[in-house]
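See below for the structure under consideration.
The sequence lines fix the lettering, A, B, ..., with proteins before strands; numbering per chain opens at 1. Because the structure is predicted, anything quoted here is derived from the model rather than measured.
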Amino acid sequence: MCSAMVPTSDPPDALVLRLDGFEGPLDLLLDLARGQKVDLARISILALVEQYLAVIEGARRVRLELAADWLVMAAWLTWLKSRLLVPKGADADEAEEATEVLAGRLAELQAMRAAAAWLNARPTLGQDLFARGVAEDLRVTDRSKLALDVGGLMRAYLSALRRGAGAKPYRPPTVSLWSVQQALARLASLVGSLPDWSALDTYLPERLDTSLERRGALASTLLAGLEMARGGAVRLRQEAAFGPILVRRGGEDG
Amino acid sequence: MDEDAVRLAEALVFASGGPVTARQLQQLLPDGVEAEAVIAALRARYSGRGVELADVAGGVQFRTAEDLAPRLRKVVQVPRRLPRAAMETLAIVAYHQPVTRPEIEEIRGAALAQTTLDALLEAGLIAPKGRKEVPGRPTLWATTPAFLLQFGLRDLRDLPKREDLLVEPPAAGEM
Amino acid sequence: MDEDAVRLAEALVFASGGPVTARQLQQLLPDGVEAEAVIAALRARYSGRGVELADVAGGVQFRTAEDLAPRLRKVVQVPRRLPRAAMETLAIVAYHQPVTRPEIEEIRGAALAQTTLDALLEAGLIAPKGRKEVPGRPTLWATTPAFLLQFGLRDLRDLPKREDLLVEPPAAGEM
């Protein structure tokens, strides 16, 4: 701990400075202050400052790479020393305040170090005392209950429906259109029973659900009528443009 | 019996992470003190107490007295969640009941594993409800009263309406 | 004293491993039996034994007697002691909590090494406790119940007063 200056034999008066034994400038300052063997409240700050500066100066002489915080502290202490040395004047209050700050910081570090020592001296669990090596776990985990909620049920339903719909192969909607062949067969079977002129659309099949199916059936029946008229099986007549198309059995003069 | 040896054995068995063998104890005892005898003395001392010395896996260990264990046992409930497939199947049964297994598979677009069905049956959430009068007479499935309890429903009508659930009805080919 | 109650307390404190509060014990005791009195009886029974009842972290815990430590250390695994920097940092956290890292560094007059912080965190002796509402919102550190357990403290008030610490500075070279 007091290893700030470790004397070596060669050369006899030289000191090898080991600042790395200290955790920062405050650590060194506290160690120097303790060297005065008096209550921290009564240490000589001026003596302390001079000791610190001497140590840092010595360290620099042996071309040690000095960390910035050591030098910052040195600079601040140099300033403090200059203020402490001038006779009572304008700067005295400032110096007194700075002295108090330094003494306060040293006292706090001292207290914390004492606290650490106090803790260290306590019978410590795992070092001096041992707790039970293995605690008995008397807890029993009951996983028989289910965690369910309606929200989860809804999400599951929707994802099931989505997957179900997605799994089916795409089939275009089937549309059943009345073919010309069907129209021919129907017209042929019906036209004989109706000797007089009748509207062609009465020969459409009974069940036509959509207008598409109706228009398709109408076209097919017209084509069937035209085909039968060509062979003379029926005769077709239309009184006016867009008027109803009339049909009757062929072969006789109307 | 050497009181110091019993104290040491007591502390050792207490602090050890596992059962303590007579050999382990012997290493700490002064010459002439028999570990077996020390353990016997320790066992006698704890006999009838809240904690007893038990023989386990080649050593000794302190253990809660059997008559006290039930009073100290704390049951911690960790509810489990149903797996996804089971939850989906349950939802389909809830909305389409009574429903056959092929119908469930058709709606989910996936085969229904027997384990999934078993899980729902075991949890008492679904139950068979007759058979469908079609070739093969497949079993019809429906939800149980336990299903309502589990989800905090008074009635199946408490479930959100299908129409409310499906903002866009699943048109064929669209979804 | 009700022998059954003492046995139950003994089993509970033994099994728990960690500290057991009087309140926890009270819940297991029949009406009219005072947990505090049961604990006192249990403490008396274990006095001078290899395992003793200690007041720590707001409850009671069984621990091996201190005089047996040198012999137990030979067989029970002992973690490494914390290095000086870690002990000082721990003391600062204990006295100044909740405290930020810059504040710790200010008091020690040295940067806080990551390894020091890691060692304290790993030992579970300190834990983050929110953030300080200043620019940068630095993490605040505080001691944990494990800190009380480790050093045998009932609570933080068991720490000596700062003024008392300064009266007798520890001899140089002790730490």
Side-chain angles (χ1 to χ4, degrees), chain B residues 1-31 33 35 37-54 56 59-76, chain C residues 1-18 20-21 23-31 33 35 38-39 41-54 60-79 149-150 152:
Chain B
M1 176 48 59
D2 181 353
E3 175 60 23
D4 182 68
V6 177
R7 284 183 75 231
L8 184 65
E10 183 180 32
L12 177 65
V13 175
F14 173 81
S16 289
V20 173
T21 63
R23 241 180 89 188
Q24 283 172 300
L25 175 60
Q26 193 68 68
Q27 289 168 354
L28 295 184
L29 294 174
D31 289 341
V33 182
V38 175
I39 287 172
L42 189 63
R43 192 191 310 277
R45 182 166 297 184
Y46 275 87
S47 162
R49 297 275 299 280
V51 171
E52 292 178 339
L53 203 61
V56 276
V60 289
Q61 197 166 32
F62 282 122
R63 204 179 263 176
T64 305
E66 256 173 58
D67 64 309
L68 294 175
R71 289 163 73 183
L72 295 178
R73 210 161 278 149
K74 218 183 268 169
V75 177
V76 185
Chain C
M1 174 49 59
D2 183 352
E3 177 60 22
D4 181 67
V6 178
R7 281 183 76 228
L8 191 66
E10 182 179 33
L12 177 66
V13 180
F14 243 88
S16 299
V20 171
T21 61
R23 240 180 89 188
Q24 283 173 293
L25 175 60
Q26 192 70 68
Q27 288 171 350
L28 293 178
L29 294 175
D31 288 342
V33 182
V38 175
I39 287 171
L42 190 62
R43 188 196 318 280
R45 183 167 296 184
Y46 274 86
S47 163
R49 298 270 299 276
V51 171
E52 294 178 333
L53 201 62
V60 290
Q61 184 183 32
F62 279 124
R63 297 163 162 226
T64 59
E66 203 181 337
D67 64 300
L68 298 172
R71 283 183 283 172
L72 290 176
R73 275 194 213 111
K74 286 184 208 156
V75 281
V76 179
Q77 216 179 0
V78 175
L149 281 181
Q150 174 128 5

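- Between the CD atom in E52(C) and the CZ atom in R7(B) there is a gap of 6.5 Å [rounded to 0.5 Å].
- Contacts with chain B were tallied for A15(C), A9(C), G48(C); G48(C) has the most, counting heavy-atom pairs under 4.5 Å.
- Only the side chain of R45(B) comes within contact range of chain C, with at least one heavy atom under 4.5 Å from a heavy atom of that chain.
- With values rounded to the nearest 0.5 angstrom, F62(C) atom CZ is found 9.0 Å from E10(B) atom CD.
- Atom CZ of R49(B) is surrounded by more than 12 heavy atoms from other residues, nucleotides or ligands within 6.0 Å.
- Expressed to the nearest 0.5 Å, how far CG of D4(B) lies from CG of D67(C) amounts to 7.5 Å.
- Here the shortest heavy-atom pairing between A11(C) and T64(B) reads CB-CG2, 3.8 Å.
- For V51(C), the parts lying near chain B are the backbone and the side chain together; criterion is any non-hydrogen pair under 4.5 Å.
- Within a 6.0 Å radius of CD in Q77(C), other residues, nucleotides and ligands contribute 12 heavy atoms or fewer.
- Contacts of R73(B) classified as salt bridge (charged side-chain N to carboxylate O under 4.0 Å, His left out), with partners at least two apart in sequence or in another chain: none.
- The closest side-chain heavy-atom distance from L25(B) to V75(C) is not below 4.5 Å.
- For the atom pair CD of Q27(B) and CZ of R71(C), the computed distance is 14.5 Å after rounding to the nearest 0.5 Å.
- The line from CG of L12(B) to CG of L68(C) is 10.0 Å long, rounded to the nearest 0.5 Å.
- Partners of F14(B) by ring-ring contact (aromatic ring centres under 6.0 Å, His included), not counting sequence neighbours, listed by chain and number: F14(C).
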